[in-house]
Visitor: 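Mind looking over this structure? Questions follow.
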Amino acid sequence: MSEMRERITRRIARELEDGDVVNLGIGMPTMGADFIPDDIRVIFQSENGFVGMGPRPPKGEEDPDLVNAGSEPVTIKTGGAFFDSTTSFAIIRGGHLDATVLGALQVDEQGNLANWKIPGKLVPGMGGAMDLTVGARQVIVATSHTTKKDQPKILPECTLPLTAKGEVDLIVTELAVFRVTGQGLLLEEIAEDTTVKEVREKTAAGFSIAPELTTFA
Amino acid sequence: MSEMRERITRRIARELEDGDVVNLGIGMPTMGADFIPDDIRVIFQSENGFVGMGPRPPKGEEDPDLVNAGSEPVTIKTGGAFFDSTTSFAIIRGGHLDATVLGALQVDEQGNLANWKIPGKLVPGMGGAMDLTVGARQVIVATSHTTKKDQPKILPECTLPLTAKGEVDLIVTELAVFRVTGQGLLLEEIAEDTTVKEVREKTAAGFSIAPELTTFA
Amino acid sequence: MVKIVDKEQIKQLFAEGQRLMIGGFIECGAPHRLIDLLLESGVGNLTLIGNDTGFDDQKSGQLVVEKRLSRVIVSHIGTNKETGRQMNRGDLEVELIPQGTLVEQIRAGGAGLGGVLTPTGIGTPVAEESRTIEVDGREYLLAKPLRADLALVKAWKADRDGNLLFRYAARNFNPVMAMAGDKVVVEAEEIVPAGEIDPNQVMTPGIFVDYILQNGGEGASV
Amino acid sequence: MVKIVDKEQIKQLFAEGQRLMIGGFIECGAPHRLIDLLLESGVGNLTLIGNDTGFDDQKSGQLVVEKRLSRVIVSHIGTNKETGRQMNRGDLEVELIPQGTLVEQIRAGGAGLGGVLTPTGIGTPVAEESRTIEVDGREYLLAKPLRADLALVKAWKADRDGNLLFRYAARNFNPVMAMAGDKVVVEAEEIVPAGEIDPNQVMTPGIFVDYILQNGGEGASV
């Protein structure tokens, strides 16, 4: 895992509370679970059909029937349960997830998310992302602050086809943590090695700054 | 079981074919299964949640968790399966039942059935009857030919609130077997101890008579 | 997170005027101990969502007999004569729904759906109380989602994480109601240690469950 | 009534232009032996309903690679590059559906519903291809039922009556597809004697199943 992804993952882990049921979108490594403090128990859901997802098994102990939605080998923890896809999406869409963490191509001031299609270029499909974004109580976007070509991903308004409208609650990048509010984005935290100025330069969306702005590492 | 019910049940059993999945409505005794010939296998579904329903167990071996939809103790046969009410009605409404057998307050020339409500008098509710009537491939009505007060139950048009519209395929009474066709009722069989004249007197609906009218006992 | 609680803690969950889902099919698979606590709690003016109103001489039926209900949303009331009497007197509002529609409404409530379209009830009085929606030339009735403040569920076995197994025909409405209550309260015949229920065979995942009534005496460690 | 049949009998079930549901989630729980027989049968111009189009270097993906499909109705094609290439060339029609909507459409097809209303996709391009229905002031998209000529299902264990168990995450779309095929064809890792699967633990009742591929050699008695 790159340093950037590790930082984002570590910061997001702090959002999760004891007893939470959480779906980590594909691309969000299952290793995210490693950053959960020992004194709280977070239950991970995998949309291909189980809760209680545990870490990757030791080499040689992988089971082809026990993989996450990104086809990576995982394990099942005590207390976990398997189910079919109808139940999996009843959980997702029915408000039974406390949080989901998803990647973004673009995210905007209104909490809109685009992460499934670049017309004419990349069309992987939405998989479970639209249901996760609509259904989870808290939608956390985990994304690099800019594209590989240094273009902003946090925009006044998404230009790519949307995954969901107005559903994002929190945006976490390697530079900043934004909360989506009725009045637009609120910068709540910046990374310890950046400045508000740098964040402003790399963010196309407007945002206000929380009075008690803090830093994260 | 009265002689009349036994005769109706025996006649209906002849409609069932090897491999059929059948729901016998409440009021249709599970004993109906006793009239199925030994050389065919009919699978009985119970809408409270299983297939493979077997006969009443010997006295003393009743299990309170194993009852039919009429609360009578039953058994489960080898090859049977339990499920919840969503699956039970997916089976019923989804066309997975080859036949259902239901009682009637009234049934008419258009295949309409009324069996759940006498306004101001008797309102037990429809239970699963509306789903069964809409969903089963073949809907067989099992009924006494007339009411206890000798009034016809087979009418030109039902006057009681309907259970389902145009879904009945076959009507079996102690006197006659009618098939519901696009051209109204067709009398296919009469009981060996009656006449077409008697059937006509006791039937308010019009009907035509099959060229090859046969008798049943 | 699932909590295993005692009778008094269960009683504190009940409140006047609540909307309750109660599992079971004419008493089979109904949570009789939870219903006892509900009766003891003294609350009334309740709305019941369930398959039926039980037998008037058995446990579920006592909610009607003891006049705790002001409204019932069920598929059948024929096994409890008191329900019909209170309905005819105008003391109890009875909404009758086809069983397969009722279970889909509860499922829709639990699964985050805005409703389902069913052919059941077309051409009957049920259609007069529903919205009709035509899809590809065929008419269906809109069955809207149902949820409850509390769902009372009877399980055969529950583990400490809330994973449930049901037994035989006692399963019926219990699993679907466990998805559709704001809080889900379980009574189990047996509470087993974590890990004792095979994760591949769990019927209701523990994430749906909020409270499990402890077995044994008040102070018993379960 | 369930029939246990050999490979040749399975192949005779396939026909040009069929609409197929195939279980699995990116190869996990996909019926690889049945897909092999489908490929061997030589039929093409098929419509695939499934979660995805597999990996291009694994079994499910070969249906695309070998150009047997003219249309796919799936939630995701990112794991099979050939799918995107054929789509861009106009050789393959791709209908992308949110996974939770897709599974409800299949369930609706199997459960006799005219559709379900889902909030998923509102405000996105998905909404442009669906009918919007407002219920109690909130907008939903109508997800219409899907059925198939054949559903190809992978089970862990099957008994002689067609009762099925699935294993771990290999369950996924298999049980719901077993409800929505005009004919349902099962490949099982193990075929066990009648009665060996506890009726309380059956995941798919045998009444949904039409054919089970026999295990072992052509002439083996299973």
Side-chain angles (χ1 to χ4, degrees), chain A residues 26-27 46-50 53 63-76 80-95 110 112-114 116-117 119-135 158 160-167, chain D residues 23-29 51-55 58 72 74-80 83-84 87-88 94-104 106-107 110-111 118-128 154 156 166-179 189 203-204:
Chain A
I26 305 177
S46 191
E47 69 256 39
N48 51 330
F50 50 110
M53 179 167 62
D63 183 325
D65 289 343
L66 187 38
V67 294
N68 65 17
S71 298
E72 299 160 316
V74 291
T75 47
I76 184 94
F82 294 96
F83 34 75
D84 81 327
S85 296
T86 61
T87 301
S88 190
F89 281 85
I91 289 171
I92 289 171
R93 199 182 37 232
Q110 289 83 44
N112 298 325
L113 172 66
W116 70 282
K117 187 176 186 179
K121 208 170 157 190
L122 180 76
V123 190
M126 66 293 280
M130 287 191 179
D131 296 286
L132 283 163
T133 317
V134 167
C158 291
L160 293 172
L162 295 188
T163 302
K165 198 171 170 177
E167 297 284 355
Chain D
F25 191 110
I26 325 177
E27 306 289 348
C28 175
N51 180 59
D52 53 75
T53 56
F55 284 121
Q58 289 187 36
V72 299
V74 294
S75 79
H76 200 269
I77 59 170
T79 54
N80 188 329
T83 307
M87 174 178 70
N88 289 335
V94 174
E95 190 174 342
L96 287 168
I97 297 183
Q99 201 169 127
T101 302
L102 180 62
V103 74
E104 285 295 326
I106 297 167
R107 182 178 183 275
T118 177
T120 302
I122 286 285
T124 79
V126 170
E128 291 157 25
K154 161 75 190 297
W156 175 34
F166 305 93
R167 186 168 175 273
Y168 299 171
R171 193 179 323 184
N172 55 66
F173 278 72
N174 284 299
V176 72
M177 287 177 171
M179 295 167 59
E189 289 178 43
M203 295 176 186
T204 288

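Convention: sequence-line order gives letters A, B, ...; per-chain numbering from 1.
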Visitor: With a 4.5 angstrom heavy-atom cut-off, which part of T86(A) approaches chain D: side chain, backbone, both or neither?
Guide: both
Visitor: Report which part of S46(A) has an atom under 4.5 Å of a heavy atom belonging to chain D: side chain, backbone, both, or neither.
Guide: neither
Visitor: A side-chain contact here means heavy atoms from C-beta on lying under 4.5 Å apart; do E104(D) and F89(A) qualify?
Guide: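 Result no, sub-4.5 Å side-chain heavy-atom pair not found.
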Visitor: Please report the closest heavy-atom contact between M130(A) and P98(D), naming both atoms and the distance.
Guide: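 Closest heavy-atom pair between M130(A) and P98(D): SD-CG, 3.7 Å.
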Visitor: Which heavy atom in T101(D) sits nearest to a heavy atom in R93(A), and how many Å separate them?
Guide: N-NH1, 4.4 Å
Visitor: Counting heavy-atom pairs closer than 4.5 Å to chain D, which one of L132(A), I92(A), V123(A) comes out on top?
Guide: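 Result: the option with the highest number of such pairs is V123(A).
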Visitor: For the interface with chain A, which of D52(D), I97(D), L102(D), N80(D) has the highest count of heavy-atom pairs at distances below 4.5 Å?
Guide: I97(D)
Visitor: Does the side chain of D63(A) come within less than 4.5 Å of Y168(D)'s, by heavy atoms?
Guide: yes
Visitor: Checking R167(D) side chain against D65(A) main chain: does a donor-acceptor pair fall under 3.5 Å?
Guide: no
Visitor: Who among L162(A), T87(A), L66(A) has the most heavy-atom pairs with chain D under 4.5 Å?
Guide: L162(A)
Visitor: Taking side chain as everything from C-beta outward and backbone as N, CA, C, O, which of these in I122(D) sits under 4.5 Å from a heavy atom of chain A? Side chain, backbone, both or neither.
Guide: backbone
Visitor: Please classify the contact between P64(A) and chain D as side chain, backbone, both or neither, with a heavy-atom cut-off of under 4.5 Å.
Guide: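 For P64(A), the backbone is the part near chain D, not the side chain.
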Visitor: Is there side-chain contact between W116(A) and P125(D), with at least one heavy-atom pair below 4.5 Å?
Guide: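 Yes, at least one pair of side-chain atoms sits under 4.5 Å.
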Visitor: Under a 3.5 Å distance rule, please check whether D131(A) uses its side chain to pair with a backbone N or O of G100(D) as donor and acceptor.
Guide: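 Between the backbone of G100(D) and the side chain of D131(A) there is a qualifying donor-acceptor contact (under 3.5 Å).
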Visitor: Looking at F25(D) and A69(A), what are the two nearest heavy atoms and their distance?
Guide: CE2-O, 3.5 Å
Visitor: Distance check, rounded to the nearest 0.5 Å: E27(D) atom CD versus S71(A) atom OG?
Guide: 8.0 Å
Visitor: For the atom pair CZ (F82(A)) and CG (N172(D)), what is the distance rounded to the nearest 0.5 Å?
Guide: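 Here the interatomic distance stands at 11.5 Å.
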Visitor: What part of E189(D) gets within 4.5 angstrom of chain A, counting heavy atoms only: side chain, backbone, both, or neither?
Guide: side chain
Visitor: Go through the atoms of M87(D) and report whether side chain, backbone, both or neither lie under 4.5 Å from a heavy atom of chain A.
Guide: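 The answer is the side chain of M87(D).
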Visitor: Nearest heavy-atom pair of L96(D) and G125(A): which atoms, and what distance?
Guide: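 Residues L96(D) and G125(A), closest heavy atoms: CD1-CA, 3.8 Å.
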Visitor: If we only count heavy atoms from C-beta on, is the T124(D) to M126(A) side-chain gap below 4.5 Å?
Guide: no
Visitor: Given that the side chain runs from C-beta out, which part of V74(D) has a heavy atom under 4.5 Å from chain A: side chain, backbone, both or neither?
Guide: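 The answer is neither part of V74(D).
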Visitor: Where does F166(D) contact chain A at under 4.5 Å (heavy atoms): side chain, backbone, both or neither?
Guide: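 For F166(D), neither part sits under 4.5 Å from chain A.
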Visitor: Do you know which of G123(D), P175(D), G121(D), A169(D) has the most heavy-atom pairs with chain A at a distance under 4.5 angstrom?
Guide: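 Option with the greatest count: A169(D).
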